[in-house]
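Structure record follows, encoded as structure tokens.
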Number of protein chains: 2
Amino acid sequence: MESNMNNIERPVLAVDVVIFGIIKDSLTVALNQRDSSPFKGALALPGVAVRMDETLEVAARRALAQKAGWPVDIIDEIMLDQLATFDALYRDSRGRTVSVAYMGIVPESFIYSEKTIMKPFDEIPRGSLPFDHNLILETAHNRLKGKMRYTNIARKFLSESFRIEELQNVYEAIFKRSINRANFRNKLLKINMIEQVKVLTRAVGKKGGRPPHLYRFKRQEIETVDRDFI
Amino acid sequence: MESNMNNIERPVLAVDVVIFGIIKDSLTVALNQRDSSPFKGALALPGVAVRMDETLEVAARRALAQKAGWPVDIIDEIMLDQLATFDALYRDSRGRTVSVAYMGIVPESFIYSEKTIMKPFDEIPRGSLPFDHNLILETAHNRLKGKMRYTNIARKFLSESFRIEELQNVYEAIFKRSINRANFRNKLLKINMIEQVKVLTRAVGKKGGRPPHLYRFKRQEIETVDRDFI
DNA sequence: GCAAAAGTGTTGTGACTACACCCATGG
DNA sequence: CCATGGGTGTAGTCACAACACTTTTGC
């Protein structure tokens, strides 16, 4: 914080947004095609420069509206987490730009716009995105995995109620390993993270069998599952 | 990221730095007296506005040199971690300023400057710091506690080799609870975080007794102690 | 020989893993 | 009557906490 706030040349401040979702048991990322240079036509994370009178989070939502073409009422439902700030001197060829990255999660029921594609995370090779967007995406992925370990953030991938198998799929898609069904269920119930909803679902286009139970998260808030180191 | 990078009014970008240390078994924070308005004379976190040609981390080190008055060779030894970016619209009365906060740790052997005091964390009441510096400090404290749980960041509070009791004091000061000595030792050795250095220390001004063994961290790097959620 | 500091051992509890088997129900 | 999607139970291993006791060595 400096006394001097006059018109010295300053870095431009921007935001970039990483939106994750699970589609068909795979982790996916919202990307949009750039409509101007540099990297015109390339797939990139939605982002905008921050205006004088808006917070970073408001700017991030504006990026989702203007760049990704998402409806405002849906954007309002998404919780955005500040990720990190990226500041390499030449990260943007147009001039010194510092970008604050945000991360959000949408459920599979989300309606996509024509301007956005949800691309499977595993099909985005390193170096394939413009600017430092691969670095931002990697940071977001690590943060996502971290938050999955000690919060109930997984709920944001699903709708209000869900089959327990769907929830397990979320964990398996993100951690890329299979989890024992019985132990998964026992643990989440024991720590009181989820509870059973009374009704059973109707058939979901499956052949036959017992209709699955529905569950929901007991708390809305992202709650820390605290662990002591020692 | 926007095509338009001309001279529209943009938020000013700044950095603020939280430096932690342990002094006499208490967590302390580096604060310096502001020499200009607003809040002239108040204790605050060191911070500067970011220049066009420097990274955020370089700006953070410059804040420690210019505002806290620390010698450059010591500043170079400190590892700085980016914490979060603070962007409330009216956080600075002089105009729209977005500040990226950094966090660092210094060992007790560090030489302080006259411009800085290391103030005990518990003696900094909420609301006592200018701007949103209490919020920044709280965020830094939470991050510190988090990192203590799954990295070997504690090493930065100590010099290269240390008595095992000193290390335990670091944990006890930060988590504010007492830890069983035997279990503490057994765990840190079992997970291979620390190892014994062959020599014993000379007396440390104590009355008598067996001279303590010295230990050191086995890895320099901050290494994640991974834990699975399920 | 006593204080300081370290080191060892024991026991109970609770968590996690793997696996095996039982239950309910719609087509 | 069987596929589907649960739901229960048990045994082994491991981690952690509490606590007690032993060892080393300088003054």
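Chain letters run A, B, ... following the sequence lines, proteins first and then strands; every chain starts at 1. When reading the values below, keep in mind they use all heavy atoms of this one structure, side chains included, and skip hydrogens, waters and symmetry mates.
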Determine the interplanar angle of the B:Tyr171 and B:Phe184 rings, folded into 0 to 90°, and report it as parallel if under 30°, tilted if 30 to 60°, perpendicular if over 60°. perpendicular
Nearest-Å distance for atom pair CZ/C1', residues A:Phe162 and D:dG5: 15 Å
Could you list the protein-to-nucleotides 18-21 of chain D atom pairs, N/O on both sides, closer than 3.5 Å?
from	atom 1	to	atom 2	distance (Å)
D:dA18	N7	B:Asn183	ND2	2.9

Listed partners of B:Phe86 passing ring pair (Phe, Tyr, Trp, His ring centres under 6.0 Å), at least two apart: none
Listed partners of A:Phe157 passing ring pair (Phe, Tyr, Trp, His ring centres under 6.0 Å), at least two apart: none
I want to verify a distance call: between D:dG7, D:dG6, C:dC16, whose nearest atom is closest to the A:Gln196 side chain? D:dG7
To the nearest Å, how far apart are B:Leu189 CG and D:dA15 C1'? 16 Å
Are B:Leu188 and B:Ile191 packed together at the side-chain level, in the sense that at least one heavy-atom pair is separated by less than 4.5 angstrom? yes
According to a strict under-4.0 Å criterion, is A:His213 in side-chain N/O contact with OP1 or OP2 of D:dG7? yes
For B:Ala173, the side-chain contact (heavy atoms from CB on, under 4.5 Å) test, sequence neighbours excluded, returns B:Ile22
Expressed in angstrom and rounded to an integer, what is the separation of A:Arg149 atom CZ from C:dC16 atom P? 13 Å
Residue pairs passing the side chain to side chain donor-acceptor pair (under 3.5 Å) test with at least one member in residues 137-146 of chain B, sequence neighbours excluded, are B:Arg126-B:Glu138
Using atom CG of B:Leu188 as one end and atom P of D:dA17 as the other, report the distance to the nearest whole Å. 12 Å
If only side-chain N and O atoms of A:Lys187 are considered, is one of them under 4.0 Å from the OP1 or OP2 phosphate oxygen of C:dA15? no
Hey, is the side chain of A:Tyr215 poking within less than 4.0 Å of OP1 or OP2 on D:dG7, counting only N and O atoms? yes
side-chain N/O A:Arg185 vs D:dT8 OP1/OP2, d < 4.0 Å: yes
Rounded to whole Å, the CD-P distance (A:Gln168 to D:dG6) equals 10 Å
The complete set of salt bridge (Lys or Arg N to Asp or Glu O under 4.0 Å) pairs with one or both residues in residues 75-86 of chain B, sequence neighbours excluded, reads B:Asp81-B:Lys147
Distance check needed: D:dG7 P versus A:Ile164 CD1, whole Å only. 7 Å
